[in-house]
Protein chains: 2
Amino acid sequence: MAASVTLSDVAREAGVSLATASRAINGSATRTVRPDLRDRVLAAAERLRYTPDANAQAMARGRTTSVGLVVHDITDPYFSSIAAGVTGAADAADLQVTLTSTQHRPEREVELVRLLQRQRARAVVVAGSRYDDEDANEVMRTALADYAAAGGSVALVGQPVLGVDTVVVENAAGAAALARALYARGYRRPAVLGGPLTHLTARERREAFADVFADLGSPVDPAHVVPGEFTHEGGEAAMRELLAVAADVDVVFAVNDVMALGALAAARDLGVRVPQDLALAGFDDILTLRDVVPPLTTVRVPLVEVGRLATELALADRSAEPRVRTVPTEVVLRASTPERTA
Amino acid sequence: MAASVTLSDVAREAGVSLATASRAINGSATRTVRPDLRDRVLAAAERLRYTPDANAQAMARGRTTSVGLVVHDITDPYFSSIAAGVTGAADAADLQVTLTSTQHRPEREVELVRLLQRQRARAVVVAGSRYDDEDANEVMRTALADYAAAGGSVALVGQPVLGVDTVVVENAAGAAALARALYARGYRRPAVLGGPLTHLTARERREAFADVFADLGSPVDPAHVVPGEFTHEGGEAAMRELLAVAADVDVVFAVNDVMALGALAAARDLGVRVPQDLALAGFDDILTLRDVVPPLTTVRVPLVEVGRLATELALADRSAEPRVRTVPTEVVLRASTPERTA
DNA sequence: TTGTACGCGTTATCAG
DNA sequence: CTGATAACGCGTACAA
């Protein structure tokens, strides 16, 4: 960005001082500029094709207009929907979004937060779940505290374990409601594609689901809870593993939709029909589901709104206590888990 | 970002000058710092939890570390894959990505470019197709020229009609190859869900496809070329329209996969079976296709690589002439267009 | 090798 | 209402 026209150029061209030019163009809050002068400045700016330098403005004002977003993979519909919510909210607040991705390496979140702190992003939204890993959490906590100490504000999507504002999705309630709905439809031999063992979102969903079936007298066989990655490939692998050992399962709950789709692919590949041979349910209600056959039962999470909420939370005035915004979930029964007659 | 520790603080703490602190931390190219001093500075920085201010650095250096990206909708798998390519390439170059979205309003592209110019983004990648609208193109051309004049560089994904570096996808070649492949499979009564009339990517695909069938003696009935939006809803609506008038079509070509998926939904809804009653093909090979049944025939575009290429192009040394990188496409025949026996 | 001092483009304070 | 001028935080000639 070499030879840009600066405000001084505009001021000179308009025959006014730098200060006046600044006020005329920016429309400073309290200060007002005489109309004819203002017009002269605007005309000069137009003539010179002046473009304010947002960096210099940030410098002078002491705050930037950027919001950071940390995701694991922008091609994952879960994250892209959240990203849409974040960009929408940011746009509404006249802010820009800096998109960063860990490429599925959770430990990179910390680096990205530090990076965004360097950019002096006004706020940062971290979209990934937390893990049951106190060491990792402590590192992240420190990074976020540093960022907050420097004036930044953060919102997490996930679990409120880092001392910052958090959008909490009702994972347990959703998974429990799903379990009850499936039980009501006649399912008695559930299996779970459970995701990473220490992944808190996965765990919340997995355990709530299992608890309900246990309470209802049809406990999930521990051998039928298959861990794996929180991805399409993870779901596929877990499903293969499950199908290799479980002949008597009637419904499979994948702790997220992306995994459920992987599982569906595995089933198809192995000649297991869904739902005739095996019912299948996921979680999140990602956009992709509208194109999947059979229509997949899931628990809807309003992802775009989650992104929007997180952004608004991060942008709101700071509060003494970390805030929590709870987002309800809703069971959506579809054809992949039909009423069981057998 | 109020009370940040500055480099001066670090310098004072370390008992050195600002310049030395700067050189020690940044590792200035030519200048070198005596080891013990360097260590003292680094220790001080660590102790004070110093974080360099990227904005101030940008200011002083005269260039930022950000790359702008303009998409229409980040939840569209086409764009999210390109975005993944862009963030990947940016990351490799130690740059950050500013994500902006038009929300499906092409005319907003110009504003977003201006916005990114204000941020002094080093480079901007515009991911959407051009339109056959010389007025709009001229406006965009001017915006890009202004940005380039200010030192920015741009890469487009689409058509090289704006005088800037462009990644060109072989739409025509791909659509033609697809048409030949479908003809070879026995299809003779093609229809096209053609997208927006003036949308150049849609037009290139539509016309190349139709030309081939015409040359082969099975011209597309003009009544069977249904325009519409370049979206899921657009594909669905177009398919409904088509099915209302065309009883004798044997294959439908949707000019992109997202539309094809909309069309598939419409067909399903109307009880038209794909491929038994009607074959269907799309274009792009978006990630979503891996989860769709029947597997959809399409023309693969290496979307992540397109994003990467565009970013590299924009980041490369400036050239006198606008460069063009052509990306080949590849027909992928799947079950949605089986060999036709009837 | 180190330090001084200026400049980057803008806002904001404080006199006029 | 307008105009100097001092910040903002950092990089880098230039001098020592």
Side-chain angles (χ1 to χ4, degrees), chain A residues 1-41 44-45 48-65 117-122 150-152, chain B residues 1-41 44-45 48-65 117-122 150-152:
Chain A
M1 310 304 299
S4 275
V5 177
T6 75
L7 192 54
S8 310
D9 298 332
V10 175
R12 192 177 327 114
E13 171 85 4
V16 301
S17 76
L18 187 58
T20 301
S22 172
R23 297 194 270 250
I25 288 187
N26 173 302
S28 171
T30 47
R31 306 316 199 172
T32 165
V33 175
R34 212 196 323 151
D36 61 319
L37 274 192
R38 199 178 53 78
D39 291 347
R40 241 163 59 200
V41 172
L48 267 43
R49 325 233 57 160
Y50 167 72
T51 306
D53 182 326
N55 272 288
Q57 293 184 315
M59 181 103 263
R61 294 202 248 248
R63 63 201 147 81
T64 66
T65 60
Q117 177 175 354
R118 280 218 277 271
Q119 315 293 307
R120 299 296 186 266
R122 253 199 216 192
Chain B
M1 310 302 300
S4 273
V5 177
T6 75
L7 191 54
S8 309
D9 298 332
V10 175
R12 190 176 330 112
E13 170 85 4
V16 302
S17 75
L18 220 183
T20 301
S22 172
R23 297 194 269 253
I25 289 186
N26 171 302
S28 168
T30 48
R31 305 317 199 174
T32 165
V33 175
R34 213 198 319 151
D36 60 320
L37 275 193
R38 200 177 54 77
D39 291 346
R40 243 167 53 205
V41 172
L48 268 42
R49 325 231 58 157
Y50 167 71
T51 306
D53 182 326
N55 271 286
Q57 292 184 315
M59 202 66 287
R61 294 202 248 247
R63 63 201 148 80
T64 66
T65 60
Q117 177 175 352
R118 279 218 275 274
Q119 315 293 308
R120 299 295 186 266
R122 258 201 213 190

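Below, read A as the first sequence line, B as the second, and so on, with proteins coming before strands; counting in each chain starts at 1. Small disclaimer: the values here were computed from a predicted structure and weren't measured. Because only heavy atoms are used, hydrogens play no part in the values below, and waters and symmetry mates are left out as well, while side chains stay in.
- Rounding to the nearest 0.5 angstrom, the gap separating the OG1 atom in B:Thr65 from the CZ atom in B:Arg122 is 7.0 Å.
- To the nearest angstrom, P of D:dG9 lies 13 Å from CD of B:Gln57.
- In this structure the side chain of B:Thr51 never reaches within 4.5 angstrom of the side chain of B:Val5, judged on heavy atoms.
- Between B:Thr20 and C:dG3 there is a side-chain N or O to OP1 or OP2 distance below 4.0 Å.
- One finds a side-chain N or O of A:Arg34 lying less than 4.0 angstrom from the OP1 or OP2 phosphate oxygen of D:dT2.
- For the pair A:Ala60 and B:Leu18, both in contact range of DNA chain C, the more 5′-proximal nearest nucleotide belongs to B:Leu18.
- The side-chain heavy atoms of B:Val16 and B:Arg34, taken from C-beta on, include no pair separated by under 4.5 Å.
- On a pure distance criterion of 3.5 Å, a polar donor-acceptor pair joins the side chain of B:Arg23 and the base of C:dG3.
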Should A:Ser22 and A:Leu7 be marked as a side chain to side chain contact (heavy atoms under 4.5 Å, CB included) after you check the CA-CA gap, both sets of side-chain angles, and the distance that decides it?
CA-CA 7 Å; A:Ser22 172; A:Leu7 192 54; 3.7 Å; yes
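- Side chain of B:Ala19, nearest nucleotide from D:dA4, D:dT2, C:dT4: C:dT4.
- One interatomic measurement links the two molecules: CE of B:Met59 to P of C:dT10, which rounds to 8 Å at whole-angstrom precision.
- Side-chain N/O atoms of A:Ser17 include one lying less than 4.0 angstrom from OP1 or OP2 on D:dG3.
- Here C:dG9 presents its P atom at 16 Å from CD of B:Gln119, a figure rounded to the nearest Å.
- Among all heavy-atom pairs drawn from B:Pro52 and A:Arg120, the shortest one is O-NH1, 3.4 Å.
- Between B:Asp9 atom CG and D:dC10 atom P the separation is 9 Å, expressed in whole Å.
- Distance CG (B:Leu7) to P (C:dC8): 20 Å, rounded to an integer number of Å.
- Under 4.0 angstrom from either OP1 or OP2 of D:dG11 there lies at least one side-chain N or O belonging to B:Ser22.
- Each of B:Gly15 and A:Ala56 has a nearest nucleotide on DNA chain C; the 5'-most of these lies closest to B:Gly15.
- If you take CZ of B:Arg12 and P of C:dT2, they are 20 Å apart, rounded to a whole angstrom.
- The interatomic distance linking B:Leu37 (CG) with C:dT1 (P) rounds to 11 Å, in whole Å.
- In this structure, CG of B:Asn26 is placed 12 Å from P of D:dA13, rounded to the nearest angstrom.
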